[in-house]
Amino acid sequence: MKCFNHPEREAVATCQKCGKGLCRECAEKHMPCLCDTCAAQIQKDQQQEAKTKEDQRKQKYKDALVDTRGEFIKTAVIGILVGIVGVWWMATQENAIDGFGDYVGYFFVAFCIPFGWKFFTYLQSFIPIFLIGTWWFWLIYIGVKAILSILAGVPAFIYQLVKTILTQRKINKLK
C-alpha cells in the first residue's frame, strides 16, 4: 500500500478514521494516527462542540438571571396584596391613624414582609427542621417566622431590589 499524500512512498500506517495509507512522515503528524483531512475535520468538530457548550452555558446563565427577576416580580405582587390587606386592617382598627404618610409606611412594611419570609425560608434550607411537632410548635414557629419577616422585610427587599437591578443589567449585556 502506498501513502495517500506521497504515492512514491510506502505506507507504514493507516488513518484511524478513514483508513487511508500514510507514510512515516504523514503518520507522525497527528496523534492518534490520522490523515490531514480527518484531523482537520475532528478539530473543526471539537471547536463546534466547544462553541455549542459555551452557548448552552450562556443560555443557562441567562435563564437563571431571568428566573431571578421573575421571582422578584412574584414576590412583589404578593407584597402588594399583603400591603393592601395590611393597610385595610389598620384602617378598620378603632385607633386607626389618619395620616396618609402613616398608611404609606404601613403599606411599605407590609409590602416587604414576603421578602423577609423568603429570606428566612432560604436560611431555613440550611437548618433541617423535621416535620415532627405538635400544632403548638408549628403555630409558634410560624408566628416567630412572621415576626422576624416583618423585622427583616425592608432590608431583604432592598437587597432583592439591588440584586434584580444588577441582574437586569447583566441580561441587557448578554443581548
Side-chain angles (χ1 to χ4, degrees), residues 17 31-32 39-175:
K17 189 168 181 187
M31 282 294 164
Q41 183 62 42
I42 287 174
Q43 185 178 18
K44 182 180 173 187
D45 292 346
Q46 288 173 342
Q47 288 173 345
Q48 183 62 35
E49 186 178 331
K51 184 182 180 319
T52 301
K53 283 184 179 180
E54 180 64 18
D55 291 345
Q56 288 172 344
R57 186 192 66 77
K58 284 181 181 178
Q59 186 60 42
K60 247 181 165 176
Y61 179 69
K62 186 176 178 182
D63 291 345
L65 292 175
V66 170
D67 188 45
T68 300
R69 182 181 61 186
E71 279 299 312
F72 177 81
I73 292 170
K74 283 189 246 179
T75 307
V77 169
I78 293 169
I80 290 170
L81 296 174
V82 171
I84 290 170
V85 169
V87 168
W88 172 79
W89 182 76
M90 288 302 295
T92 59
Q93 299 302 310
E94 283 183 21
N95 56 355
I97 300 173
D98 295 328
F100 177 75
D102 292 334
Y103 286 114
V104 170
Y106 285 128
F107 176 82
F108 182 70
V109 170
F111 168 80
C112 293
I113 291 172
F115 290 95
W117 189 272
K118 282 187 86 159
F119 170 71
F120 283 108
T121 301
Y122 169 74
L123 290 180
Q124 179 184 331
S125 69
F126 297 109
I127 303 168
I129 295 182
F130 299 105
L131 294 177
I132 301 171
T134 64
W135 284 99
W136 288 108
F137 168 78
W138 288 108
L139 286 175
I140 292 170
Y141 169 76
I142 290 171
V144 168
K145 188 173 177 181
I147 291 169
L148 291 174
S149 296
I150 293 168
L151 298 174
V154 175
F157 166 71
I158 293 169
Y159 170 76
Q160 284 296 319
L161 181 63
V162 169
K163 183 178 172 185
T164 302
I165 290 169
L166 295 175
T167 298
Q168 186 60 44
R169 286 185 180 171
K170 288 178 184 178
I171 290 172
N172 291 341
K173 284 182 183 179
L174 289 174
K175 289 184 179 179

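Every heavy atom of this structure was used, including side-chain atoms; hydrogens, water molecules and symmetry mates were not. Being a predicted model, the structure only gives us computed values, none of them experimental.
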Q. To the nearest 0.5 Å, what is the distance between NZ (K163) and CD (E71)?
A. 10.0 Å
(Q) Once ring-ring contact (aromatic ring centres under 6.0 Å, His included) is applied, do any residues pair with Y141, and if so which ones, sequence neighbours excluded? (A) W138
Q. Looking at A110 and G86, what are the two nearest heavy atoms and their distance?
A. CB-CA, 4.5 Å
Q: Using a strict 4.0 Å threshold on nitrogen-to-oxygen distance, state whether E54 and R57 make a salt bridge.
A: yes
Q: Would you check if K145 and T121 make a side-chain contact, meaning some heavy-atom pair closer than 4.5 Å?
A: yes
Q: Can you sort out the partners of L139 under side chain to side chain contact (heavy atoms under 4.5 Å, CB included), two or more places apart, ordered by chain and number?
A: W136
(Q) Distance check, rounded to the nearest 0.5 Å: I158 atom CD1 versus L161 atom CG? (A) 8.0 Å
Q. Side chains of T75 and Q160: closer than 4.5 Å at any heavy-atom pair?
A. no
Q: Can you spot which of K51, Q59, K53 makes a side-chain contact (heavy atoms from CB on, under 4.5 Å) with D55?
A: K51
Q: With rounding to the nearest 0.5 Å, note down the distance linking CD in Q41 to CD in Q48.
A: 10.5 Å
Q. Between S149 and G116, what is the shortest heavy-atom contact and its length?
A. OG-C, 3.6 Å
**Q.** Separation of I142 CD1 from I147 CD1 (nearest 0.5 Å)
**A.** 12.5 Å
Q | Check: Q168/N172 side-chain N/O donor and acceptor closer than 3.5 Å | A | yes
Q) Can you find a heavy atom in the side chain of V82 that is under 4.5 Å from one in the side chain of F111? A) no
**Q.** Pairs involving residues 72-92, ordered by first then second residue, that meet ring-ring contact (aromatic ring centres under 6.0 Å, His included) (sequence neighbours left out)
**A.** F72-F115
**Q.** Contacts of type salt bridge (charged side-chain N to carboxylate O under 4.0 Å, His left out), residue K44, not counting sequence neighbours
**A.** none
Q. Does F100 have any ring-ring contact (aromatic ring centres under 6.0 Å, His included) partners at least two apart in sequence or in another chain, and if so, which?
A. none
Q) Roughly how far, to the nearest 0.5 Å, is CZ of F120 from OG of S125? A) 13.0 Å
Q: Check ring-ring contact (aromatic ring centres under 6.0 Å, His included) between F108 and all other residues, then give those that pass, not counting sequence neighbours.
A: F157
Q) OG1/T68 to NZ/K170 distance, rounded to the nearest 0.5 angstrom? A) 9.0 Å
Q: Walk me through it: do W117 and L148 pass the test side chain to side chain contact (heavy atoms under 4.5 Å, CB included)?
A: CA-CA 8 Å; W117 189 272; L148 291 174; over 6 Å; no
